[in-house]
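Step one of this worksheet: look at the structure below.
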Number of protein chains: 2
Amino acid sequence: MTLDDAAARLEALGNPTRLNIYRTLVRAGEGGLSVSALRERVGGALSTLSHHLQKLVLVGLVIQERQGTTLICRANYDQMHGLVDYLTKECCADETDARQGDAA
Amino acid sequence: MTLDDAAARLEALGNPTRLNIYRTLVRAGEGGLSVSALRERVGGALSTLSHHLQKLVLVGLVIQERQGTTLICRANYDQMHGLVDYLTKECCADETDARQGDAA
DNA sequence: CTGAAATTCCGATATTCCTCGAAATATCGG
DNA sequence: CCGATATTTCGAGGAATATCGGAATTTCAG
């Protein structure tokens, strides 16, 4: 994962509304949530929610799947793990890591 | 750590320039880096760097310490660990965690 | 086809962000 | 105090964001 990718994901998460959306999706588990179900929990206008969701989808943090008229949204754990990994490796390193982790 | 706190930190990191600044600071290790030394590595105008640094300091991700005329900047590992922790607990939980982690 | 439900697209507005150069401020050495 | 160095503050331009309401689109049921 490049620095720009990581920054894009962090930015996507770096908005209270969006972080809340994402967290809600995580808590919903594998079943996911429809956009309207999501809206009932996070509030706000549907168009706004849709907008935020797109941002999350764009960076790969959320996956959408159509089921008839409803669109199911799910958290993409892999991407989040990748992000946490990046943060841990690149940005949590103490001196020990700073010497070796340079290659990454 | 509240959702808003986490979002603020994520937002601070969610800018390529700032993420680069932070990462550079982490790699510098405990010794830290002065603002101008930092500038030599990340480029850009000093005023811009100062601005970004303030943002990082504001959310606690970076600590500054005066040494004469120079200001030493250091990454605050604790805060970053706290953030990664939050992400892991609140946003990486699979169903197993989603049931129990609700209290947090 | 028609009606209903779910979601996105289309403007619009207010706010915030990123970046810069220049001026101001702080600290030190002498 | 003076000069030099380091950093921040000020002011500004331009771009991007967050939010909204309503219209348009898609998909299903009958």
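If you're wondering where the values come from, they're calculated on a predicted model, not measured in any experiment. Order of the sequence lines sets the chain letters (A, B, ...), proteins ahead of strands, with each chain counted from 1.
With sequence neighbours left out, the side-chain contact (heavy atoms from CB on, under 4.5 Å) criterion links A:L71 to A:V35, A:Q64, A:R66.
At a threshold of 4.0 Å, the pair A:E90-B:R27 counts as salt-bridged, since one of the basic side-chain nitrogens sits closer than that to a carboxylate oxygen.
Between the C1' atom of D:dT9 and the CG atom of B:L49 lies a distance of 15 Å, rounded to the nearest Å. Atom pair A:L53:CG and C:dA6:P shows a separation of 16 Å (rounding to whole Å applied). Distance CD (B:Q54) to P (C:dC17): 13 Å, rounded to an integer number of Å.
Not a single donor-acceptor pair under 3.5 Å links the side chain of B:R23 to the backbone N or O of A:C91.
Taken residue by residue, residues 34-41 of chain A places heavy atoms nearer than 4.0 Å to DNA chain C at A:S34, A:V35, A:S36. For DNA chain C, no neighbouring residue in residues 12-21 of chain A is found when judged by any heavy atom under 4.0 Å. A heavy atom closer than 4.0 Å to some atom of DNA chain D occurs in B:Q64, B:T69, B:T70, B:L71, these being the qualifying members of residues 55-72 of chain B.
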Tabulated below should be each protein N or O lying under 3.5 Å from an N or O of nucleotides 20-22 of chain C; please produce it.
residue: C:dC20; atom: OP2; partner: B:A45; partner atom: N; Å: 3.1
residue: C:dC20; atom: OP2; partner: B:T48; partner atom: OG1; Å: 3.0
residue: C:dG21; atom: N7; partner: B:S47; partner atom: OG; Å: 3.2
residue: C:dG21; atom: O6; partner: B:S47; partner atom: OG; Å: 3.0

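Paired regions of DNA chain C, where each region holds three or more successive Watson-Crick or G-U pairs whose two hydrogen-bonding distances fall under 3.5 Å, are C:1-30 with D:1-30.
Two residues, A:E11 and A:L46, neighbour DNA chain D, and the one matched to the more 5' nucleotide by heavy-atom proximity is A:E11.
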